[in-house]
Amino acid sequence: MDTTTTLLVIAVVAAGLLAVAVGLLVRLVRARRTLRRAGLPTGPRWVFWGAVAYLLLPTDALPDPVYLDDIGVLLLALRSLRAARPLPRGTTEP
């Protein structure tokens with residue numbers, strides 16, 4: 001393989017991983033909005049905003065062409081939203 005082909009393969013893989021990360025970010029935002037509309041708690045706010053910030057900030061645990069760490073953080077945030085339980089009647093979320 002020559003250098004151009006290698007760079008093209010890396011670019012395609014990075015674009016695919018970025019698309020997955022952005023898709024998960026959209027799912028995270030939609031899930032949070034749906035839970036809030038239904039009156040369910042959305043868990044600690046820092047989980048949601050931390051996941052969004054981790055995806056957008058340039059400092060990552062792994063270099064940016066490898067979005068696997070971003071995808072993992074977004075999946076953990078989605079999982080924490082799905083684990084939300086209904087609030088007792090008459091109480092509101094802080």
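Because only heavy atoms are used, hydrogens play no part in the values below, and waters and symmetry mates are left out as well, while side chains stay in. Note that the structure is a prediction, hence the values are computed from the model and not measured. We number each residue from 1, following the sequence as shown.
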Those residues at least two apart in sequence (or on a different chain) that pass side chain to side chain contact (heavy atoms under 4.5 Å, CB included) with Leu76 are none
Which distance, rounded to the nearest 0.5 Å, do you find between the CG of Leu8 and the OG1 of Thr3? 12.5 Å
Inter-residue atom distance Leu25.CG - Leu74.CG, 0.5 Å rounding: 6.0 Å
So, taking the atom named CZ in Arg27 and the one named CG in Leu75, what distance separates them when rounded to the nearest 0.5 Å? 8.0 Å
The reported gap from CG in Leu28 to CZ in Arg79 (rounded to nearest 0.5 angstrom) is 15.0 Å
Looking at Ile71 and Leu17, what are the two nearest heavy atoms and their distance? CD1-O, 3.8 Å
If Ile, Leu, Val, Met, Phe, Trp and Tyr residues are connected whenever their side-chain heavy atoms lie under 4.5 Å apart, and connections chain through other members, are Leu7 and Leu18 in the same group? no
